[in-house]
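Note that these values count all heavy atoms, side chains included, but never hydrogens, waters or copies made by symmetry. In this chain, residues are counted from 1 in sequence order.
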Amino acid sequence: MNYYIEKYTGVRIELSALPIQNGAADFHVMAHADTSLQRFSEQVNALRSAFLQLFRDKLPEEATVVFARCFLSDAANQQKQAQESFSGFLGCTVSYVQQPPLNGGKIAFWLHLQTDVTRHDGDGWHLFERNGFTHCFTSASGTGEDSRTQTRNLLEEYERQLNIRDCRMADNCLRTWLFTRDIDTDYAGMASARKEHFARNGLTRQTHYIASTGIEGRDADASVKVKMDTYWIRGLEEEQVQFLYAKDRMSPTHQYGITFERGVSIDFGDRRNVHISGTASIDRNGNVLYVNDVRQQTLRMWENVEALLHEADCGFGDLMQVIVYLRDFADYATVKPMFDKKFPETPVMMVLAPICRTQWLIEMECIAAKPVQHQKFRNY
């Protein structure tokens, strides 16, 4: 893995790159606007300028942004301008969510770029193809009277759209992110509706669930109680996908009534991609460890994530990006130096986003990748 740090006026960019000999390259970018520019419009313009310079000077000409997430400090006042400034500019699915960046900036971005892709846009979905695989990131907001109804509507519409494209959630969806407006009141309804939908569509403890993060994140529209981002692939064979459990460290999620997988590893002919779900300080019996101690929770969280990565024959040196969620802004001063020391080069985004159990003070998710060789699989 190659790591780079670039600094532009009002913006810090952290970049990871997975170059594959005679293959397509993958890049992840964490872009942070800083407090040297006080107005939101100034930070937006600084980010656009930084992206243009990055695309021109540091990335291959054929690198294409395939997904972006925009983290906002105040979606009600910022989301419309952000959408106007970046959706067309980036040309891909862009997820907008209120999860305030903890560095004090008003806006930040995670970008995922790939080379050698062919993009096909239609019906509001940005599909891209490479070597016979079709990939797609989606982002949608719920409608309905409560979080349960909104989640049901989101999942039913998603399943319908997948079916149109000869896909199913159980077979093709590898990763979801579910954002609830108020984690303490909306998460239970979301989790219940997801469990019911999965059961109706062949996703059970005997088969598998989907790697996922369920976290607080707001939309500009106050009526939106649930937002959902997804990643699906068409063209995979069943043996290319391995779900991750680390059962010696963590309990299966179904033991406490939740339906998601701890992580998923996807093998191609030339690389392995690993998506680790939102992971916190939990033990093999499903208990929260180190209540009210964010330092110890962070250490245990790292141990759990490392165990999941090891199950996919990866380690922290294979990380392409990390997103960290903190429940309490006051813990940032403790956690930031810990991450700086542990992951000095890895692109890391830290945001304010309460977690599904009130006793969890911190959670992280990540993406890892490494070169491998599988003669029976097509390259990525």
request  = Report the relative orientation of the aromatic rings in Phe339 and Trp302; use parallel for angles under 30°, tilted for 30 to 60°, perpendicular for over 60°.
outcome  = perpendicular
task = Kindly give the heavy-atom pair with the smallest separation between Pro354 and Arg327, and that separation in Å.
result = CB-NH1, 3.6 Å
ask   = Does the side chain of His374 pick up a donor-acceptor pair with the side chain of Asp267 at under 3.5 Å?
value = yes
task = Establish, yes or no, whether a centroid distance under 6.0 Å links the rings of Trp110 and Phe71.
result = no
key: Output field: ring centroids Phe260/Tyr209 closer than 6.0 Å   = no
Side chain Ser16, main chain Met320, donor-acceptor under 3.5 Å = yes
message = Count I, L, V, M, F, W, Y as connected when their side-chain heavy atoms are under 4.5 Å apart, and connections chain through other members. Are Val29 and Leu102 then in the same cluster?
response = no
ask   = Passes salt bridge (Lys or Arg N to Asp or Glu O under 4.0 Å), Glu303 versus Arg249? Steps please.
value = CA-CA 8 Å; Glu303 292 174 4; Arg249 305 290 306 175; 2.5 Å; yes
key: 4.5 Å side-chain heavy-atom contact, Asp74 and Gln98   = yes
message = Restricting to non-hydrogen atoms, name the atom on Tyr245 and the atom on Met250 that form the minimum distance, rounded to 0.1 Å.
response = O-CE, 4.2 Å
inquiry  = Any non-hydrogen side-chain atom of Arg165 less than 4.5 Å from a side-chain atom of Leu127?
reply    = yes
query = Could you give the distance from CZ (Arg262) to CZ (Phe243), rounded to the nearest 0.5 Å?
reply = 14.5 Å
message = Rounded to the nearest 0.5 Å, what separates atom CE in Met338 from atom CZ in Phe343?
response = 10.0 Å
task = Describe, in one word, how the ring planes of Tyr332 and Phe329 are oriented to each other, choosing from parallel (under 30°), tilted (30 to 60°) and perpendicular (over 60°).
result = parallel
message = For the backbone of Gly315 and the side chain of Asp318, can you confirm whether one donor and one acceptor N or O come within less than 3.5 Å of each other?
response = yes
request  = Please indicate whether Arg200 has more than 12 foreign heavy atoms, meaning atoms of other residues, nucleotides or ligands, lying under 6.0 Å from its CZ.
outcome  = yes
request  = Please assess Lys247 against Glu311 for the test salt bridge (Lys or Arg N to Asp or Glu O under 4.0 Å), listing each intermediate value before the final yes or no.
outcome  = CA-CA 10 Å; Lys247 290 182 179 179; Glu311 208 165 273; over 6 Å; no
ask   = Do you know which of Leu289, Val294, Ile282 makes side-chain contact (heavy atoms from CB on, under 4.5 Å) with Trp360?
value = Ile282
query = Do you know which of His135, Glu129, Arg130 makes side-chain contact (heavy atoms from CB on, under 4.5 Å) with Phe133?
reply = His135
request  = Taking the side chain as every heavy atom from C-beta outward, state whether Gln114 and Thr64 have any atom pair closer than 4.5 Å.
outcome  = no
ask   = Donor-acceptor pair, His197 side chain versus Asn153 backbone, under 3.5 Å?
value = no
query = Do Ser41 and Gln81 meet the criterion of a side-chain donor-acceptor pair at a distance under 3.5 Å?
reply = no
ask   = Where is the tightest heavy-atom contact between Asn103 and His32, given as atom of each residue plus distance?
value = ND2-CB, 3.7 Å
ask   = Between Gln43 and Lys106, is there a donor-acceptor pair closer than 3.5 Å when you use the side chain of the first and the backbone of the second?
value = yes
query = Would you say the side chain of Asp340 lies within less than 4.5 Å of the side chain of Lys336, judging by non-hydrogen atoms?
reply = yes
task = Answer with yes or no whether the hydrophobic clustering places Ile323 together with Leu15; edges join I, L, V, M, F, W, Y residues whose side-chain heavy atoms lie under 4.5 Å apart.
result = no
task = Just say parallel, tilted or perpendicular for the rings of Phe89 and Phe51, cut-offs at 30° and 60°.
result = parallel
message = Do Arg295 and Thr334 pair up side chain to side chain, a donor and an acceptor below 3.5 Å, judged on atom types alone?
response = no
query = If we ignore angles and hydrogens, is there a donor and acceptor under 3.5 Å between the side chains of Asn304 and Thr279?
reply = no
query = Under 3.5 Å, is there a donor-acceptor pair between the Arg300 and Gln296 side chains?
reply = no
query = Taking atom OH of Tyr380 and atom CG of Asp26, what is their separation to the nearest 0.5 Å?
reply = 5.0 Å
message = Any donor-acceptor pair under 3.5 Å linking the side-chain atoms of Tyr325 with those of Glu365?
response = yes
ask   = How long is the span from the CG atom in Asn379 to the CD atom in Gln373, to the nearest 0.5 Å?
value = 9.0 Å
ask   = Any side-chain donor paired with an acceptor under 3.5 Å for Arg181 and Ser147?
value = no
remark   = Heavy atoms of Cys366 and Val305 approach each other most closely as SG-CG1, 3.8 Å
key: Gln79 side chain to Asp219 side chain, donor-acceptor N/O pair below 3.5 angstrom   = yes
inquiry  = Looking only at side-chain N and O atoms, does Ser251 offer a donor or acceptor that is under 3.5 Å from a partner on Asn285?
reply    = no
request  = Could you grab the distance from atom CG of Leu244 to atom CD1 of Ile276, nearest 0.5 Å is fine?
outcome  = 5.0 Å
ask   = Can Glu237 and Lys376 be said to form a salt bridge (Lys or Arg N to Asp or Glu O under 4.0 Å), step by step?
value = CA-CA 11 Å; Glu237 299 176 26; Lys376 59 183 177 180; over 6 Å; no
remark   = Which of Leu155, Asn201, Thr230 passes side-chain contact (heavy atoms from CB on, under 4.5 Å) with Met169? It is Leu155
inquiry  = Please say yes or no: joined through hydrophobic side-chain contacts below 4.5 Å, possibly via intermediate residues, are Phe137 and Phe109 part of one cluster?
reply    = no
Residue pair Thr115 / Phe27, side-chain heavy-atom distance below 4.5 Å = yes
inquiry  = Just checking Lys58: does its NZ atom have more than 12 heavy atoms from other residues, nucleotides or ligands closer to it than 6.0 angstrom?
reply    = no
request  = Look only at the side chain of Asp186 and the backbone of Asp182, and say whether a donor-acceptor pair between them is shorter than 3.5 Å.
outcome  = yes
ask   = Could you state the interatomic distance from CZ (Phe377) to CG (Leu236), rounded to the nearest 0.5 Å?
value = 9.0 Å
query = Taking all atoms of both residues into account, what is the closest heavy-atom pair of Val288 and Gln297, and its distance?
reply = CG1-NE2, 4.3 Å
query = So, do Tyr8 and Gln53 sit near enough that their side-chain heavy atoms are less than 4.5 Å apart?
reply = yes
request  = Report yes or no: does Glu14 contribute a side-chain atom to a donor-acceptor pair with the main-chain N or O of Val348 at less than 3.5 Å?
outcome  = yes
query = Does a side-chain heavy-atom distance below 4.5 Å link Val97 with Arg69?
reply = yes
query = Is any side-chain heavy atom of Cys92 less than 4.5 Å from a side-chain heavy atom of Phe128?
reply = no
key: Closest heavy-atom pair and its distance - Thr204, Thr207   = N-OG1, 2.8 Å
request  = Kindly indicate whether a cation-pi arrangement holds for Arg175 with Trp177, taking the cut-offs as under 6.0 Å to the six-membered ring centre and within 45° of the axis.
outcome  = yes
inquiry  = So that I know where these two stand, are Tyr231 and Phe67 an aromatic pair - ring centroids less than 6.0 Å apart?
reply    = no
